[in-house]
Amino acid sequence: MRSKLIDQSVEALCQKGCRSVREDIRLLTQGVILPELRGLDDLARQAVVKELRAIMAVYGDGCPMVQQTESEKSGLHHGQEKKKTSR
């Protein structure tokens, strides 16, 4: 159960993007308890930091450039439809 919570927490933080994860790691190492990790104890939070560091090591010191999808370029979000305009 605990490892599932750790995995879910890591996933939630990673969804925020590369730069946010780097900032979150910095905050966590300073002792800040992030809202996403409030339900975890100190040992579990340390496990999250360890996992995040391992994930981010793949990227080195930078963050990859993410290409926008066509829906993001048009301002659409998942589940939204393009508004029809009347002429």
Side-chain angles (χ1 to χ4, degrees):
M1 177 69 170
R2 179 178 168 179
S3 65
K4 183 178 179 180
L5 290 174
I6 291 170
D7 290 344
Q8 290 172 341
S9 298
V10 168
E11 180 67 26
L13 293 173
C14 287
Q15 291 293 320
K16 294 174 13 179
C18 181
R19 287 184 181 91
S20 291
V21 170
R22 291 191 190 281
E23 177 65 11
D24 288 346
I25 292 170
R26 187 185 69 76
L27 291 171
L28 288 165
T29 57
Q30 292 178 350
V32 175
I33 299 174
L34 302 174
E36 296 89 349
L37 307 183
R38 284 216 169 94
L40 300 178
D41 61 19
D42 287 338
L43 194 56
R45 284 193 294 273
Q46 290 174 9
V48 168
V49 171
K50 184 177 178 181
E51 183 67 23
L52 290 174
R53 283 183 173 153
I55 291 168
M56 297 309 290
V58 173
Y59 301 109
D61 291 333
C63 288
M65 294 293 292
V66 178
Q67 291 185 353
Q68 288 183 321
T69 64
E70 287 302 314
S71 62
E72 290 171 331
K73 288 177 187 175
S74 65
L76 296 177
H77 300 285
H78 181 70
Q80 289 183 328
E81 293 183 20
K82 197 172 195 174
K83 291 182 180 178
K84 296 179 183 176
T85 57
S86 58
R87 292 184 182 199

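The first residue of the sequence shown is numbered 1, and numbering continues consecutively from there.
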For the hydrophobic clusters of this structure (ILVMFWY residues joined by side-chain heavy atoms under 4.5 Å, transitively), does one cluster hold both V32 and I6? yes
Within this structure, what is the CD1-CG distance for the pair I33 and L28, rounded to the nearest 0.5 Å? 9.0 Å
For R19, does the CZ atom sit with more than 12 other heavy atoms under 6.0 Å from it, leaving out its own atoms? no
How long is the straight-line distance from CG of L27 back to CZ of R22, given to the nearest 0.5 Å? 14.0 Å
Enter the distance from I25:CD1 to I55:CD1 here, rounded to the nearest 0.5 Å. 8.5 Å
Would D7 and K4 pass as an ion pair if we require N to O under 4.0 Å? no
Check: residues 8-15 side-chain donor-acceptor pairs under 3.5 Å, at least two apart:
{"unit_1": "S9", "atom_1": "OG", "unit_2": "L5", "atom_2": "O", "d": "2.8"}
{"unit_1": "E11", "atom_1": "OE2", "unit_2": "Q15", "atom_2": "NE2", "d": "2.5"}

Shortest non-hydrogen contact from G62 toward C18: O-SG, 4.1 Å
Heavy-atom side-chain proximity of S20 to E23 below 4.5 angstrom: no
Those residues at least two apart in sequence (or on a different chain) that pass salt bridge (Lys or Arg N to Asp or Glu O under 4.0 Å) with K16 are D24, E36
